[in-house]
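Below: the structure, in structure tokens.
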Amino acid sequence: MRDAVTVAKDLLGKIFVYNTPGQVLAARIVEVEAYKGSVDEAAHSFSGVSERNEVMFRTGGFLYVYFIYGVHFCCNVVTGKEGIGDACLIRGMEPLEGIDIFSKNRFNRNDLSEKEIIMLLNGPGKICRGFNIDKRLNGIDLTGNTIYILNADKIKKSEIVTVKRVGISKSKDLPWRFYIKDNKYISKK
DNA sequence: ATCAAGATTACCT
DNA sequence: GGTAATCTTGATA
């Protein structure tokens, strides 16, 4: 239950785990963006509670999943206090465990080239496709044992790159996109 | 009721 | 570099 910008930077390097019935899927978070309902016109929560963004207004520790462009799901970690509307969009990940499942979900085959493995989870829509995260998981409690985030070595301040967010047209100058310096699994340069 | 835009990606030239 | 895919929301009538 903290500021989305603080949490965004803290999330870098942590391990996102999805315990599916047959298999554990895990990946390292390498790129995130912060969205704040109070001041940020680009945030879904900026103009108040709706059916779609209700989860974003919950207390920190829930997963907010939304559908965009009629095609893709994106997943966010809710960070604020009840009623605030702060969350972090997960934009890039390094696959760790369950690469065969990620491959199947993304490309419907195995034995990917090194280049293709880099492309498995390097974008918000790709992450949801790889993990098979959709509406079903909107609002899941991240303190439970299905999806959760493991602590890992904290990323040094000097290794965190801070830039403007991508793919938005409002509040575009806020420097709330963060990624791990020189990491291969970033969505865009 | 109709419409445009959207926290994107894959595939085409 | 351009654009289709095609669901949801919020604005305008």
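Just so it is clear: chains get the letters A, B, ... in the order the sequence lines come, proteins before strands, and each one is counted from 1.
Note: CD (A:E54) to C1' (C:dT8) measures 16 Å, nearest angstrom. Residue A:F73 contributes atom CZ, which lies 13 Å from atom C1' of B:dT8 at whole-angstrom precision. Spacing between atom CG of A:N53 and atom P of B:dG6 amounts to 17 Å, rounded to whole angstrom units. Distance A:I118 CD1 to B:dT9 P: 16 Å, rounded to the nearest Å. Distance, A:I68 CD1 to C:dT8 C1': 8 Å, rounded to whole Å. Regarding A:F178, its CZ atom lies at a distance of 15 Å from the C1' atom of B:dA7, rounded to whole Å. When rounded to the nearest whole Å, the span between NE2 of A:H72 and P of C:dT8 equals 15 Å. For the pair A:N122 CG and B:dA10 C1', the interatomic distance rounds to 13 Å; values are reported in whole Å.
Checking A:K126 against A:M56, the closest nucleotide of DNA chain B that is more toward the 5' end is the one next to A:M56.
Base contact: A:L89 has a heavy atom under 4.0 Å from a base atom.
Ranking B:dA7, B:dG6, B:dT8 by closeness to the A:S169 side chain, first place goes to B:dG6. If you check C:dC7, B:dA7, C:dT9 against the side chain of A:F67, the one that comes closest is C:dC7. The side chain of A:S50 lies closest to C:dG10, out of C:dG10, B:dA7, B:dT8. With C:dA5, C:dT9, B:dA7 as the candidates, the nucleotide lying closest to the side chain of A:N76 is B:dA7.
For A:R106 and B:dA10, the shortest distance from a side-chain N or O to OP1 or OP2 is below 4.0 Å. Applying the 4.0 Å criterion to OP1 and OP2 of B:dA7, one finds that A:H44 has a side-chain N or O inside that range. Side-chain nitrogen and oxygen atoms of A:R91 include at least one within less than 4.0 Å of the OP1 or OP2 phosphate oxygen of B:dT8.
When side chains are defined from C-beta on, A:V163 does not count as touching A:E33, because their heavy atoms never get closer than 4.5 Å. Under the 4.5 Å side-chain criterion, counting only non-hydrogen atoms from C-beta, A:V78 is not in contact with A:L63.
Paired with A:I149 under the rule side-chain contact (heavy atoms from CB on, under 4.5 Å), one option of A:V17, A:V77, A:I15 passes, and it is A:V77.
No salt bridge links A:D86 with A:R2; every basic N to acidic carboxylate O contact stays at or beyond 4.0 Å.
Checked by atom type and distance alone, the side chain of A:N53 pairs as donor or acceptor with a backbone atom of A:H44 at under 3.5 Å.
Searching all strands for a Watson-Crick or G-U wobble partner of B:dT8 with both distances below 3.5 Å returns C:dA5.
The base of B:dA5 lies outside donor-acceptor range of the side chain of A:Y69, with no N or O pair under 3.5 Å.
A distance of about 23 Å separates the C1' atoms of B:dA7 and C:dG1, rounded to the whole Å.
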